[in-house]
Amino acid sequence: MGLIFLIGFMGSGKSTVSGYLQQYSDYTKIEMDEEIEEKEHMKIREIFKGKGEEYFRNLETEYLLQISKTDENYVVSCGGGVAMKEENVRIMKSCGRVVWLDALPGTIYERVKDSHHRPLLEGHWNVSYIQGLMDKRRNQYESAADICIQTDYQTPEEICKKLLEEITQE
Ligand code: S3P
């Protein structure tokens with residue numbers, strides 16, 4: 001047991017899968033974006049707009065440092081940009097296992113197209129923009145991950161089952 005960090009692009013299923021893990025195992029779900037919003041008393045898009053992306057990125061690192069000290073069993077659904085920073089990857093690897101949920105750009109588009117709380121996608125609602133940003137991030141997700149699960153055409157239950165199998169095999 002311990003900590004599991006779910007990483008991956010926006011819409012890769014981190015929140016949904018962490019909810020199922022909470023239901024089917026002894027891990028308690030933590031939604032990192034929500035923790036940050038609570039601490040700042042602001043929505044993510046307001047933080048980006050009012051204080052800037054760098055400020056938000058520092059809050060992510062601060063949060064990881066804080067959670068790394070716990071003895072509890074948590075599955076942390078990380079924001080999609082968390083694995084882009086080397087320091088964050090180092091913290092996650094030092095205290096838990098990192099699971100990358102991957103998906104095709106078309107799948108991501110279908111999952112995020114009706115939501116409007118993601119500042120990085122505002123004004124870019126198309127598959128090719130998503131593909132471009134995913135391509136830029138792919139290497140970092142890959143090198144951060146201990147385990148990778150392809151989520152296209154799978155139900156959250158199937159993904160959750162696979163994740164638990166892989167975690168126990170490690
Ligand atoms: C971000 C992903 C978002 C949120 C913020 C930035 C990113 O989280 O942290 O909008 O850089 O990919 P989700 O992956 O949960 O949408």
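Note that this is a predicted model, so its numbers are computed, not measured. Every number for a ligand or one of its atoms is a count from 1 in the order of the listing.
Of all the heavy atoms of Arg137, the ones lying under 4.0 Å from any atom of ligand 1 belong exclusively to the side chain. Contact annotation for Lys14 and ligand 1: only side-chain heavy atoms (C-beta onward) come within less than 4.0 Å of the ligand. Heavy atoms of Leu120 found under 4.0 angstrom from ligand 1 belong exclusively to the side chain.
In terms of protein heavy atoms, atom 10 (O) of ligand 1 is closest to Pro119 CD, 3.5 Å. Looking only at heavy atoms of the protein, atom 7 (C) of ligand 1 is closest to Gly81 N, 3.3 Å. Asp33 OD1, 2.9 Å is the protein heavy atom nearest to atom 9 (O) of ligand 1. Among protein heavy atoms, the minimum distance from atom 2 (C) of ligand 1 is reached at Gly80 N, 3.2 Å.
At least one side-chain heavy atom of Glu53 sits less than 4.5 Å from a side-chain heavy atom of Arg57. Counting only heavy atoms from C-beta outward, the side chains of Tyr20 and Glu157 approach each other to under 4.5 Å.
Tested against Tyr63 for a side chain to side chain contact (heavy atoms under 4.5 Å, CB included), the candidates Val82, Asn88, Ile30 yield a single pass: Ile30. Each of Ile149, Val98, Val75 was scored for a side chain to side chain contact (heavy atoms under 4.5 Å, CB included) with Leu6, with one residue passing: Val75.
Note on ring orientation: taking the six-membered ring where Trp is involved, the planes of Trp100 and Tyr141 are parallel (angle under 30°, cut-offs 30° and 60°).
Among Glu53, Arg57, Glu60, the residue whose heavy atom lies nearest to atom 6 (C) of ligand 1 is Arg57.
Taking every heavy atom of Gly79 and a limit of under 4.0 angstrom, the matching atoms of ligand 1 come to 8 (O), 9 (O), 14 (O). Near Phe56, the atoms of ligand 1 lying under 4.0 angstrom from a non-hydrogen atom of the residue are 9 (O).
Looking only at distances, a side-chain donor or acceptor of Lys93 sits under 3.5 Å from a matching main-chain atom of Ala144.
In this structure, His117 falls outside the shell of residues with a heavy atom less than 4.0 angstrom from ligand 1.
For His124, the side chain to side chain contact (heavy atoms under 4.5 Å, CB included) partners at least two apart in sequence or on another chain are Tyr129.
Among the atoms of Arg118, some N or O lies under 3.5 angstrom from an N or O of ligand 1.
A donor atom on one side chain and an acceptor atom on the other are not found under 3.5 Å apart for Ser18 and Glu31.
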